[in-house]
**Student:** 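Have a look at this one.
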Amino acid sequence: MEENLVIVESPAKAKTISNFLGKGFKVQSSFGHIRDLSKDNFGIDIENNYSPEYIIPDDKKKVVADLRASAKKASTIWLASDEDREGEAIAWHLCEVLKLNPDNTRRIVFHEITKNAIQEAIENPRDINQNLVNAQQARRVLDRLVGFELSPLLWKKVKPALSAGRVQSVAVRLIVERENEIDNFQSTSFFRVVAQFEFQDKNGKNHKFQAELPAKLKDQAAAEEFLESCRGAGYNVLDVTRKPAKKSPSPPFTTSTLQQEASRKLGFSVAQTMSVAQRLYESGKITYMRTDSVNLSKSALAGARDVIEGEYGAAYSKTRNFSTKTKGAQEAHEAIRPSYLQQKSIEGKRQEQRLYELIWKRTIASQMSEAELERTTARIGISTRPDHLVATGEVLRFEGFLKVYMESSDEESNEQPRGLLPPMKEKDTLQLLQMEASERFSQFPIRYTEASLVKKLEELGIGRPSTYAPTISTILNRGYTVKEDRSGSERNYQVLTLAGDQVTSERKSEILGKEKAKLFPTDIGGLVNDFLVNYFGNVLDYNFTANIEKEFDKIADGKMEWTQMIKRFYPGFHDQVVQTTQNSKKPTGERILGKDPESGRQVSVKVGKFGPMVQIGEAGEEEKPRFAGLLKNQSIKTITLEEALSLFKLPLKIGQFENSDVAIGVGKFGPYARHANKFYSLGKTDDPFSITLERAIELINNKREQDKNKIIRKFDENPGLQILNGRWGPYISLDKENFRIPKSKKPEELGYEDCLQIIEKAREAKKKKT
DNA sequence: CAGTGAGCGAGCTTCCGCTTGACTT
């Protein structure tokens, strides 16, 4: 009965702290929350003042049992979960579940994992803040009520297994509305005038540079008139002004900004960033990766200063404290930074090295001095016109943090890097090389990437660092949105050129709307969003979360009873659900395309139980309607009658191979080629209507080759038993049941008996579990 | 795994936030 038990949320943290505390302290992890609402009847007794019913999920039973055993043996229990709403609730659930005695239970918090911080925390314990716990319960109950009432409504009205929630539904709304903005965008064109000049300095050296007309010209006639009027003109410098400017580094990484920069600079998906960061955290290379704080510990600040002064000199060092501007930030952790700042790079997988270096650079740069620039502006007069052209140059006087790191941007920039202007002064004359007026277009709104959607959600205060990546997965998995590349289409534009005293005109073309890994709404995403916005505009409101957060704060401050808050929301919301269930029509997005020339029956498209489909004929007619699903890249919004009708041509025989028919069809898993009763998926770029027999045979042969490599070993004793190569490495397959191979064994050396042993063991382990 | 859908209809799906393995073929 002498040990102290410290409970934290993460095992990696437990390990680190354990080293600081030494003997007499046992440190264990709760692995996050240990209890959640039951799934029966919402897990909330609505009749009984919204009393929550908590259960311990199966995968937490062992954790709880271990903690219970340790708690029994401990003289004092220290609850050291994070100092935020969720962390406080975890501490409270631990008290409840482990039946901890308040006399020997202490609540402690620390913001950085150093020996001093932890000792200080232990010297200043406090009680559990029940108000903060209640704010968490209100948050949890509200999310459950919203999610579990809206989702079943969608099952009834749209399609089974859909979902809606306070966070995911707003994420979908952002994507759908952005797409609408793009659809409705009217691109306007204008002309931009850029001139190339040559200047000869007093040593006779020639310098080339460019200058631009500040005003844009409204159409081709204006551009032509402008260039014509410049024919034979002289150009001289009206004045030159110099202005100093400064650039400051960005704050160190939070989860959201790390996801954005890893996406822009390394091309990582949000989930990929988190999984690589998790490995870095677990191996002790970086601090915790789920954080909304830009704060660095004192020791990190000192460490950064040492590194910068040693590596670049004292002039490059500037200690900065950043403050969070994010809505609803809870700041239970530090910013994401290297654990040891003197370590510029690490050993490990390529991805880990790249992400680590990004984190190192960002952290170090945040503690460096400003970059100092000098911007030069020269105004250039045109002898035949009152207008003037402007040339700008930028010189870096002092690199500062730019020596290490520069943040990227989501916007496509057409600004060219500006260099130094030649040493011109007032009244100098310039030689015009050529002047170009080129047609430009107003910029379409930009589609979201995973990371820029996270940025937007964070700005709105919706979601938390631990949920950004899972939220993206959810809206992709539900089929509300797809992440895609688009090749774009050609657009023509006009360029007028004044050179050698002649104005010429030329038509050029460029690619418009090329997209890489952008989020597009699907038909179902659009349909569900319109339905929810129409009937539940209050919950789908971009400010809904921000407003209820204010109420959670009141609860946390003890100024409001948490059940009061739910009482104010739920009855009205529930009534909305009941009303909508009874009174709303099924939203189908139906569009009538025309008549089927063969039968004369109506052809329409809509979203059905299995997704978007075409229908020939109507229900209730003598002959039943015929149905066909849309292809993945087709939409009920844009599909034509002709495209819709051709879907009924499938499955389509395209020829013979090895004396059997080859037919192209579309199934549950997309387009396929069928041959001798076997299915072969078509590639992403294969069009089911125009695919050739040659290509189909190629696919068949590829698949056969793959299957050949799939088999590592076969056994004569039992043809149902094989060692196969799968997506996640080698595995044992017995009559369609699969088993993992222990890491200690080499799959190609396993014999028949070995396999049976592994299977036996796996089956026993499974039995124990249940 | 590979067309399903028009309504007699079983029973299933679902939320957000904390956290990692276990697990997928």
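Proteins get letters first, then strands, A, B, ... in listed order; numbering begins at 1 in each.
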**Student:** Of all the nucleotides listed (dC18(B), dA6(B), dC15(B)), which has the minimum atom distance to the side chain of Ile90(A)?
**Tutor:**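 Per side-chain heavy atoms of Ile90(A), the pick is dC18(B).
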**Student:** Flag the pair Arg140(A) and Asp36(A) as a salt bridge only when some basic side-chain nitrogen lies within less than 4.0 angstrom of an acidic carboxylate oxygen.
**Tutor:**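 Result for this pair is yes, salt bridge flagged.
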**Student:** Does OP1 or OP2 of dG17(B) have a side-chain N or O of Arg166(A) closer than 4.0 Å?
**Tutor:** yes
**Student:** Quick one: do the Glu705(A) and Asn702(A) side chains pair a donor with an acceptor below 3.5 Å?
**Tutor:** no
**Student:** DNA chain B: stems of at least 3 consecutive Watson-Crick or G-U pairs, cut-off 3.5 Å?
**Tutor:**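 Correct response: none, since no qualifying run exists.
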**Student:** Take atom C1' in dA6(B) and the same atom in dA2(B), then report the distance between them in whole Å.
**Tutor:** 23 Å
**Student:** Starting the side chain at C-beta, find the nucleotide from dC15(B), dT19(B), dA6(B) nearest to Gln168(A).
**Tutor:**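 Nucleotide nearest to Gln168(A)'s side chain: dC15(B).
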**Student:** Can you tell me which nucleotide in dC15(B), dG5(B), dT20(B) comes closest to the side chain of Phe610(A)?
**Tutor:** dG5(B)
**Student:** Measure from CZ on Phe679(A) to C1' on dT4(B) and round the result to the nearest Å.
**Tutor:**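 Going from CZ in Phe679(A) over to C1' in dT4(B) covers 13 Å.
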**Student:** Which residue, Ser163(A) or Gly667(A), contacts DNA chain B at a nucleotide closer to its 5' end, judged by nearest heavy atom?
**Tutor:** Gly667(A)
**Student:** Is Arg478(A) close enough and on-axis enough to Tyr480(A), meaning under 6.0 Å and within 45°, for cation-pi?
**Tutor:**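 Geometry flag: not set, cation outside 6.0 Å or 45°.
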**Student:** Among dG3(B), dT13(B), dT20(B), which is the nearest nucleotide to the side chain of Trp155(A)?
**Tutor:**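 Out of dG3(B), dT13(B), dT20(B), the nucleotide with an atom closest to Trp155(A)'s side chain is dT13(B).
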**Student:** For Arg139(A) and for Ser29(A), locate the closest nucleotide of DNA chain B by heavy-atom distance; then report the residue assigned to the nucleotide nearer the 5' terminus.
**Tutor:**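 Mapping each residue to its closest nucleotide by heavy atoms, the 5'-most match is Arg139(A).
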**Student:** Of the candidate nucleotides dC15(B), dG17(B), dT19(B), which contains the atom at the shortest distance from the side chain of Asp82(A)?
**Tutor:**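 Ranking dC15(B), dG17(B), dT19(B) by closest atom to the Asp82(A) side chain puts dT19(B) first.
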